[in-house]
Every structure is written in structure tokens, then in C-alpha cells.
Amino acid sequence: MSLSATAAPFAWSLALTGAVVVLSTVPLGAARSQADFSLSDLQAPRAMFERLSPWGKRAAWAHQNSFEAFTLHAPAALLCLIVALASPGGLTAPVAVAVAWIHPLLRLAYLAAYIGNLPPLRGLCWAGGLICSGVLYVEGLRALLG
């Protein structure tokens with residue numbers, strides 16, 4: 001397996017997780033438009049939170065959590081990406097590759113579960129995403145130090 005092939009899952013995980021953050025603005029924008037968003041709201045867009053419907057508030061919270069999750073996941077994915085590119089043979093741990101692909105899918109499901117008001121599923125997706133990031137840290141450090 002080439003070095004670029006061993007790095008690809010981690011690069012894709014980083015890019016797709018970032019795309020989920022951007023995608024989280026779509027339901028938030030829809031909620032704001034239903035709350036009579038006007039150009040004057042641009043002066044303080046968070047001040048209109050109280051005008052959002054219940055699902056709109058959940059969309060806002062899901063959007064904020066997307067940034068929080070990204071700040072935890074991005075360094076883990078970058079660590080694995082750098083190790084994969086710098087190490088002889090790259091980073092080929094099957095568990096690391098699997099969780100790199102699973103994380104953005106869980107985050108996408110998390111958005112749907114949060115906005116759709118499905119707390120148990122939302123919690124599972126959140127915990128699963130957190131575990132995926134943790135596994136990437138562990139496997140990246142293991143490969144770096146081993």
C-alpha cells in the first residue's frame with residue numbers, strides 16, 4: 001500500500017467532518033428564515049435565538065456542537081495523516097482507518113438525530129464520534145511512538 005493510500009482515510013475524515021460543519025448551517029438557515037430573519041438580524045444573529053422554533057433551537061445547538069466536535073477530531077485526524085505520510089509503511093491500523101470513515105457518518109447522523117429530537121440516537125452518535133476521535137489519537141500516537 002502506498003503512503004498516499006494509507007493517508008487518504010484520514011484526509012477524507014478531516015474533509016468530510018469539516019463538510020458536516022458547513023452542512024449544519026443549512027437547517028440553521030432554514031430555521032432562521034422561518035423566524036422572520038431580516039438584514040437587521042445580522043447585527044446580532046444570536047439574539048434572534050428566542051424567535052426560533054423548537055427544532056430551530058435544536059438546529060442551532062447542533063451547529064454549535066459541530067464546531068466543538070470538529071476541534072476535537074481535526075487534531076486526531078491530522079496526527080494520523082502526518083504519521084501516515086511520515087512513517088515507513090504509513091499508518092495501516094484497520095481500526096484507525098475504520099473510525100476515520102465512521103466519524104463523519106456519525107456526525108451527520110448526529111445532526112439529523114438532534115434536529116429530529118431523537119435524544120437516545122443523538123447521544124449514541126455523539127459518544128460514537130467522540131470514541132472515534134479518541135481511537136485516532138491513540139492509534140496515531142501508538143504509530144508515532146512505536
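- In this structure, the side chains of Tyr137 and Pro75 come closer than 4.5 Å at one or more pairs of heavy atoms.
- Here the closest heavy-atom approach between residue Ser66 and residue Val21 is recorded as O-CG2, 3.5 Å.
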Review point. Given the rule in the side chain to side chain contact (heavy atoms under 4.5 Å, CB included) test, do Val20 and Tyr110 qualify, once you have shown the distances and angles that lead to the verdict?
Key: CA-CA 10 Å; Val20 171; Tyr110 172 86; over 6 Å; no

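- Two residues are said to be in side-chain contact when any heavy atoms from C-beta on lie closer than 4.5 Å; Leu91 and Thr6 fail this criterion.
- Taking NE2 of His63 as the reference point, atom CG of Leu23 lies at 11.0 Å (rounded to 0.5 Å).
- The hydrophobic clustering, which links ILVMFWY residues whose side-chain heavy atoms are closer than 4.5 Å, places Leu111 and Leu52 apart.
- Put simply, the side chain of Trp126 reaches to within 4.5 Å of the side chain of Arg107, judged on heavy atoms.
- Annotation: side chain of Leu136 is not in contact with side chain of Leu79 (no heavy-atom distance under 4.5 Å).
- Put simply, Leu85 and Leu141 are part of the same group of oily side chains (I, L, V, M, F, W, Y) that touch within less than 4.5 Å, one to the next.
- Follow the hydrophobic side-chain contacts under 4.5 Å out from Trp101 and you reach Phe70 in the same cluster.
- Checking each of Pro104, Cys132, Cys80 against Ser13 for a side chain to side chain contact (heavy atoms under 4.5 Å, CB included) leaves exactly one that passes, namely Pro104.
- Of the possible polar contacts, none joining the Ser87 side chain to the Ala84 backbone as a donor-acceptor pair under 3.5 Å is found.
- To the nearest 0.5 Å, atoms CG (Leu144) and CD1 (Ile82) are separated by 9.5 Å.
- Counting non-hydrogen atoms of other residues, nucleotides and ligands closer than 6.0 Å to CH2 of Trp55 gives a total above 12.
- Trp61 and Leu130 fall within a single hydrophobic cluster, where Ile, Leu, Val, Met, Phe, Trp and Tyr side chains are chained together by heavy-atom contacts under 4.5 Å.
- Using a 4.5 Å heavy-atom cutoff, the side chains of Val97 and Phe10 are in contact.
- There is a path of hydrophobic side-chain contacts, each under 4.5 Å, that joins Leu78 to Trp12.
- Partner of Val99 under the side chain to side chain contact (heavy atoms under 4.5 Å, CB included) criterion, chosen from Val135, Leu106, Ile131, Val138: Val135.
- Atom CG of Leu28 and atom NZ of Lys57 lie 13.5 Å apart (nearest 0.5 Å).
- Figure legend: cation-pi geometry between Arg58 and Tyr114 absent, as NZ or CZ is not positioned both under 6.0 Å from the six-membered ring centre and within 45° of its axis.
- Counting only heavy atoms from C-beta outward, the side chains of Arg51 and Arg32 never approach each other to under 4.5 Å.
- Cys125 SG to Ile102 CD1: the interatomic distance, rounded to the nearest 0.5 Å, is 12.0 Å.
- Not a single donor-acceptor pair under 3.5 Å links the side chain of Thr17 to the backbone N or O of Leu14.
- Between His103 and His73, the ring planes are parallel. Angles under 30° get that label, and only those over 60° would be called perpendicular.
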